[in-house]
Amino acid sequence: MLRGLSLALMLALAPFAPQAHAAAPQTQEEIFLAARAAVREGDYAKLARYHAQLQGYLLEPYVESWLLRPRLEDASVEEVRAFLSQQSGSLLAEQVRRDWLKVLGKRQRWDLFRSEYPLLVGGDNEVSCYALQARWQQKDASALAEVRTHWYAPRELPDACVPLAEALIAGGEFTNRQVWERIRLLLEAGVISAAWRTAEYLPPREALDRGQLFAVAAGAQRYLDDRNKDLSRRQVRELTMFALHRLARSDPLAAAARWDAKLRAKLSPQEQGYVWGRLALHAARRNQPQALEWYGHADAAQTQLSEEQLAWRLRAALRQGEWAEVLVSAHRMSPPQADDPAWVYWRARAMQALGNAAGARVVFERIAGEHHFYARLAAEELGLALSIPPKAYAPTAEEVAAIARAPGFQRALALYQLGQRADATREWIWSIRGMDDKQLLAAAEFALRNEMFDRAINTASKTRELHDFSLRYVAPYREALGENARAQQLEEAWVLGLVRQESRFISAIRSSAGAAGLMQLMPATAKWVARRMGMQDYSWSRVTDTGVNAALGTYYLRHVLDDLDGNPVLAAAAYNAGPGRARRWRDARPLEGAIYAETIPFDETRGYVKKVMSNTVYYAAMLGGPAQSLKARLGVIAPRETKQDQSK
């Protein structure tokens with residue numbers, strides 16, 4: 001690798017680099033993509049050769065940054081600052097500055113670090129830790145206190161924060177208690193290696209056995225079945241609690257069976273409360289009715305519940321129809337958590353169910369004027385019909401032209417057109433930061449004109465006062481989607497709402513999991529549907545064709561809908577997570593659709609279903625179809641029918 005070579009030496013070596021047998025790239029776009037491939041291969045001599053061919057090209061600064069970033073440890077201050085000055089205000093300057101700050105911090109060049117750090121716009125955990133080190137070097141005692149934010153984060157501790165944490169440990173400000181608290185957080189998050197590294201700060205009498213720790217992670221049930229453990233030792237009790245948590249993730253009832261009175265008696269009341277809280281969380285996440293009882297045991301031990309535990313406690317109460325418990329859980333949340341629209345809505349519903357209609361109305365009014373799933377439900381509780389806000393502002397031709405002239409947007413468009421969507425999106429997000437509503441709408445209009453539909457939707461959705469719902473809810477490919485929706489007797493608004501969530505109308509998109517096209521079809525699903533439809537000329541290469549994708553996707557959506565009693569909420573859940581899961585998430589009794597959606601165990605699917613159903617309401621209104629409330633669309637989810645049904 002040529003990591004330590006100067007740019008001049010790279011250019012000198014470039015003519016002697018081995019030449020590929022493939023045809024050399026000709027256009028600037030082809031050369032840029034070849035340069036991107038060279039970066040991935042670590043071939044910096046080839047990259048330097050391509051850089052020489054891209055002088056003056058719009059995306060040439062990317063290639064320059066790819067050459068510079070691996071050499072930051074050896075590059076001169078003048079060279080780095082020349083790049084930062086030339087690209088001032090750009091995303092590339094931000095990325096290079098962030099990497100340079102890490103080099104400066106690692107080398108403890110604090111004067112340079114302090115001069116550059118205020119110019120960094122975004123956050124970075126490693127750089128943040130170096131900034132704390134820089135303050136610590138100046139005898140700023142408050143820097144050590146701020147390390148707690150990193151210590152209590154369920155992730156690897158950045159290397160730059162390690163000396164600060166060790167200073168706290170050496171000074172007695174972090175005791176064994178803080179070490180065990182971090183170990184528990186890491187074990188809960190499944191970051192086992194980081195937990196082991198943290199355990200190295202424990203005194204010998206509490207040292208963890210590395211083999212046992214990883215054995216518990218791999219086979220919790222086997223560890224719990226061993227009844228000869230010495231539970232008088234702190235580390236053994238911690239491993240036992242970790243094993244119970246680990247088993248409860250997949251089978252809360254099996255974990256509870258091993259959490260018997262004999263085992264409980266060997267743990268302190270605080271430790272018992274911790275275990276009950278973990279069992280309750282996992283039971284709630286699997287919609288098991290024992291969750292509330294187990295939360296009660298955690299309460300008896302005065303256990304401090306996390307935000308995640310409180311959220312699932314409220315969901316468990318919803319599932320059981322325990323409105324008083326819903327209200328208690330909502331009141332126990334911190335102000336930032338309680339302000340989430342979901343908890344605002346359910347708090348108001350609980351107040352309403354418990355007879356406080358006037359108080360509920362005040363709480364509903366807090367979110368009813370917004371535009372999302374729970375805002376719509378709150379508005380309906382207040383009797384407010386959906387009214388699409390009129391277009392508040394239309395950008396002028398000059399405002400859109402100003403966006404088109406901005407280098408960041410030019411780069412975003414060029415990257416987008418080259419299929420470099422990740423880089424394009426980063427450029428776009430960087431470019432719209434700090435924009436007011438008029439500028440956001442101009443940027444969204446620019447995106448729409450260039451068929452960057454995802455950017456149009458996301459950018460228009462950021463406006464605070466001036467809205468344009470024709471940009472928030474664009475509907476390209478209506479001919480293909482609408483025609484196939486009608487052919488399958490599906491509501492067009494629902495199909496559009498699903499596609500908006502699946503792909504943001506990017507027809508050529510492919511997910512990391514392998515799904516492709518507008519309706520994000522997996523290869524096996526597409527092949528199965530094509531066979532069922534009798535599609536004679538099907539091939540996977542055609543799945544991103546809008547007509548083919550719409551035909552296959554709507555057929556499959558119809559199949560899923562029919563398989564799930566014609567319920568669009570269940571069908572949306574099934575489209576994202578599979579029909580078997582959608583069935584299993586039903587209850588033993590009829591369940592309000594909104595409660596079903598809120599208690600879906602998978603975070604992604606839970607958000608997906610809410611957004612698809614909310615999108616449907618807005619598309620229906622914009623298409624001028626018959627009005628139907630969101631609550632009516634959510635309806636009531638029929639109960640599970642038989643044990644056989646649950647196992648499908």
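One is the number of the first residue; the rest follow in order along the sequence.
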(request) Would you check, one step at a time, whether the test salt bridge (charged side-chain N to carboxylate O under 4.0 Å, His left out) holds for R464 with D436? (result) CA-CA 9 Å; R464 294 164 289 276; D436 62 26; over 6 Å; no
I'd like to know if the side chain of [X] reaches the main chain of [Y], judged simply by a donor and an acceptor atom lying under 3.5 Å from each other, with no hydrogens or angles considered.
X	Y	answer
N549	M519	yes
T459	A456	no
D565	N567	no
S503	L518	yes
Q95	L92	no
R411	W428	no
R315	E598	yes
Y477	A550	no
T525	L521	no

(message) So, taking the atom named CD1 in I595 and the one named CD1 in I600, what distance separates them when rounded to the nearest 0.5 Å?
(response)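 These two atoms lie 12.5 Å from each other.
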Which atom of [X] lies closest to which atom of [Y], heavy atoms considered:
X	Y	value
A311	W343	CB-CZ2, 3.6 Å
A551	M535	CB-CE, 4.5 Å
W540	A526	CZ3-CB, 4.0 Å
A620	E491	CB-OE2, 4.0 Å
L415	A424	CB-CB, 3.8 Å

(message) In terms of relative ring orientation, are Y618 and F469 parallel, tilted or perpendicular, with 30° and 60° separating the classes?
(response)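 Ring orientation, 0 to 90° scale: tilted.
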(request) Take the angle between the ring planes of H467 and H371 and call it parallel below 30°, perpendicular above 60°, tilted in between. (result)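 Rings of H467 and H371: perpendicular, as their planes differ by over 60°.
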(message) Checking S511 now: which residues fulfil side-chain hydrogen bond (donor to acceptor under 3.5 Å, both in side chains) with it, not counting sequence neighbours?
(response)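 Here no residue qualifies.
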Between [Y] and [X], do the side chains contain a donor N or O and an acceptor N or O under 3.5 Å apart?
X	Y	answer
Y345	R349	yes
E427	Y62	yes
W346	Y374	yes
R586	N287	no
T599	R319	yes
H51	E60	yes

(message) For E308 and R285: C-alpha separation, side-chain torsions, deciding distance, then whether salt bridge (charged side-chain N to carboxylate O under 4.0 Å, His left out) applies.
(response) CA-CA 10 Å; E308 182 187 26; R285 288 193 71 100; 3.2 Å; yes
(request) Show your working on ring pair (Phe, Tyr, Trp, His ring centres under 6.0 Å) between Y556 and Y575 and close with a plain yes or no. (result) CA-CA 9 Å; Y556 180 65; Y575 199 89; 5.8 Å; yes
